[in-house]
Amino acid sequence: MERAAVVLAAGAGTRMKSKKPKVAHEVLGKPLVNWVVDAANQAGVDQCVVVVGHGRELVEPLLQDVIIAVQEQRLGTADAVAAAKEALAGFEGSVLVLSGDCPLITPQTIERLAQLREENDAAVALLTMALDDPFGYGRIIRAEDGTVLRIVEQKDATPEEAAVTECNAGFYCFDGAFLFEALAAVDSSNAQNEFYLTDVVAISREAGRAVVALQAEDPTECLGINSRVQLADATKIMQKRINRRHMDAGVTMLDPDSVWIGPDVVIEPDVEILPQTMLFGATSIGEDSVIGPNTRLRDTVVGKGCVVDETVALESVLEDGATSGPRAYLRPGAHLCENAKAGTHVEIKKSTVGKGSKVPHLSYVGDATIGEGVNLGAGTITCNYDGQKKWPTVIGDDVFVGSSTMLVAPVTIGDSALIGAGSVITKDVTPGALALGRARQMEMPGWVKSHNEEAE
Ligand code: UD1
Ligand code: CA
């Protein structure tokens, strides 16, 4: 049977106290709404409609490969689903309705909810959860035979109804052929004057259709984000889930509580991750590498057997055996070839450091191409910016640059050249040459003693 998902993402989320709409806030680098859309896609839905409204100009750019539907006014959850009617015109099958602010929902639960409805040919299958403190949630009212009769919202509940601890988690699978017909029968005569999606349950029963319920095994899956505290809670749960997955796959973590890994990061077995490490975006780590402590990598590819110690790396590449840090900053376009090194207090931007080449201490390398087997002495700096334009530096193979050298770009240093320490190099250096660009040392013998005597 075909399956579609409708993700509700039109709400404002006032309790977030944010200029950003709630569903645009992120858990481990991924917006809330994308977590839900991805879970639906992983559960194999054939099409996904996202209902946007509040702050839609900030939500829509986050979404790819979905159909956007717009809810013009926030009149309630039934009205929000009704906004997807046009997008689903002609669709036949199961329609899953998912809250866009519940990032912890799993594809497995979505799949089971859909299966339950389809097996029973029910009008709706809903996800419920047993909570110690049900306050604020819709309550599941069951008949004596145990079947679900209706859902009562907190604000409409009698004291007896409010005492029920089984709650509506806010995830549903509907019979698509029946859903929009039932929505047309929902009215807003309730405490909040809203059109409640939950009323479809009673409407289904009145129409003689079955309603089935699936109790969530793990109620944390249904955690909805309404505040920054809940955002932090959800992030913590997701952190544990992701770290567990990597550890199960052969990654060592000294202190998993202090390691934060985004959902799309790929890590090979026998990688060791040390404390205070964050790996985000499209980052990947090859086997036997050691990452951290105190390291943040975003969109960075790390090969096998690398050591990445106290490093911030953004959109960079470290090939097999490369090392960085402690205290290295690799900015976009930094590329360390095999066994290359960016050492302590070294910043590299948009530059390639060739195979086995070393930038061990206190350097800035920008817009440079460095060959193989090169050593840049401590404090070497590529002066790539003249205040208006950026200029390139090209360094050949086997070049040795003495400490505290300024390479004023544009400049090219030929293969096997040697630059004396403290040089300011403003002109190209030919291969194999010794280049010096510094004031000649002078000496005045006995000067100190005679100077002191004069002063007496
Ligand atoms: C809803 C359920 C409640 C359930 C709870 C679970 C209803 C009437 N009640 O309550 O039974 O226990 O979820 O979390 O459905 N939204 C829109 N447009 C609207 C209104 C809401 O897009 O006009 C979106 C919100 O952005 C949110 C979702 O729908 O993502 C749920 O809405 P919310 O107002 O938070 O529902 P609750 O009152 O929490
Ligand atoms: Ca509400």
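Here the structure is a predicted model, which means the values were calculated and not measured.
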- [ ] State, without any angle test, whether D156 and N190 hold a side-chain donor-acceptor pair at a distance under 3.5 Å.
- [x]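 No.
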Open item on the list: We want to know whether D218 and T220 form a side-chain donor-acceptor pair, criterion being a heavy-atom distance below 3.5 angstrom.
Closed with: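 Yes, because at least one side-chain N or O of D218 sits under 3.5 Å from a partner of the opposite role on T220.
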Sequence-distant partners of [X], side-chain hydrogen bond (donor to acceptor under 3.5 Å, both in side chains), two or more places apart:
| X | result |
| --- | --- |
| D386 | W391 |
| D299 | none |
| K358 | none |

Heavy-atom pair with the smallest gap, counting every atom of [X] and [Y]:
| X | Y | answer |
| --- | --- | --- |
| C102 | C222 | SG-O, 3.8 Å |
| C383 | M406 | SG-CB, 3.8 Å |
| S204 | V124 | OG-CG1, 4.1 Å |
| M16 | R228 | O-NE, 2.8 Å |
| L274 | G292 | CD1-O, 3.3 Å |
| T106 | R241 | CG2-NH1, 3.8 Å |

Open item on the list: Any salt bridge linking R112 with E217? Criterion: basic side-chain nitrogen under 4.0 Å from a carboxylate oxygen.
Closed with: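 Yes, this pair counts.
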Task: Carboxylate-amine/guanidinium proximity below 4.0 Å for K390 and D367 - done: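 Looking at D367 together with K390, the answer is no, because their closest N to O distance does not fall below 4.0 Å.
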Open item on the list: Does I291 form a side-chain contact (heavy atoms from CB on, under 4.5 Å) with L297? I'd like the steps, not just the answer.
Closed with: CA-CA 9 Å; I291 312 295; L297 308 183; 4.1 Å; yes
- [ ] Decide yes or no for V201 and I140: does some side-chain heavy atom of the first lie under 4.5 Å from some side-chain heavy atom of the second?
- [x]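 No. Closest side-chain heavy atoms not under 4.5 Å.
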Open item on the list: Quick check: do T300 and L330 have side-chain heavy atoms less than 4.5 Å from each other?
Closed with: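 SC-SC contact between T300 and L330 ruled out.
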Taking atom [atom1] of [X] as the centre, report whether more than 12 heavy atoms of other residues, nucleotides or ligands fall under 6.0 Å from it.
| X | atom1 | answer |
| --- | --- | --- |
| K350 | NZ | no |
| D145 | CG | yes |
| E57 | CD | yes |
| R15 | CZ | no |
| K236 | NZ | yes |

If the condition is side chain to side chain contact (heavy atoms under 4.5 Å, CB included), which residues does [X] pass it with, not counting sequence neighbours?
| X | value |
| --- | --- |
| E161 | I141, R150, V152, A157, T158 |
| V265 | I261, I267, L279, T283 |
| M278 | W260, F280, R296 |
| D46 | E2, R3 |

- [ ] Carefully, step by step, assess L62 and N34 under the rule side-chain contact (heavy atoms from CB on, under 4.5 Å).
- [x] CA-CA 8 Å; L62 304 175; N34 294 82; 3.8 Å; yes
Task: Criterion salt bridge (charged side-chain N to carboxylate O under 4.0 Å, His left out) on D79 and R74, from CA distance to verdict - done: CA-CA 8 Å; D79 179 65; R74 255 60 67 210; over 6 Å; no
Open item on the list: Per the side chain to side chain donor-acceptor pair (under 3.5 Å) rule, what does the pair list look like for residues 304-331, sequence neighbours excluded?
Closed with: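 Passing the test, one end in residues 304-331: E268-K304, R298-E315, E310-R327, T311-S324, E319-H335, R331-E347.
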- [ ] Could you tell me whether the side chain of T252 and the main chain of E272 form a donor-acceptor pair under 3.5 Å?
- [x]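 No: the side chain of T252 does not pair with the backbone of E272.
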Open item on the list: Can you pull out every salt bridge (charged side-chain N to carboxylate O under 4.0 Å, His left out) where at least one residue sits in residues 242-256? Sequence neighbours excluded, please.
Closed with: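 Listed by first then second residue: R244-D248.
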Mind listing the side-chain donor-acceptor pairs of residues 6-14 below 3.5 Å, one per line with the distance, residues two or more places apart or on another chain?
none

Per-pair distances, 0.1 Å, donor-acceptor, side chain in residues 167-187, under 3.5 Å, sequence neighbours excluded:
unit_1	atom_1	unit_2	atom_2	d
N168	OD1	G170	N	3.0
N168	ND2	Y172	OH	2.8
D175	OD1	A177	N	3.0
D175	OD2	R209	NH1	3.3
D175	OD2	R209	NH2	2.9
D187	OD1	S189	N	3.1
D187	OD1	S189	OG	2.8

Pair up each side-chain donor or acceptor in residues 82-95 with any protein partner under 3.5 Å, not counting sequence neighbours, and list the distances.
unit_1	atom_1	unit_2	atom_2	d
S94	OG	R117	NE	3.1
S94	OG	R117	NH2	3.1
S94	OG	E118	OE2	2.7

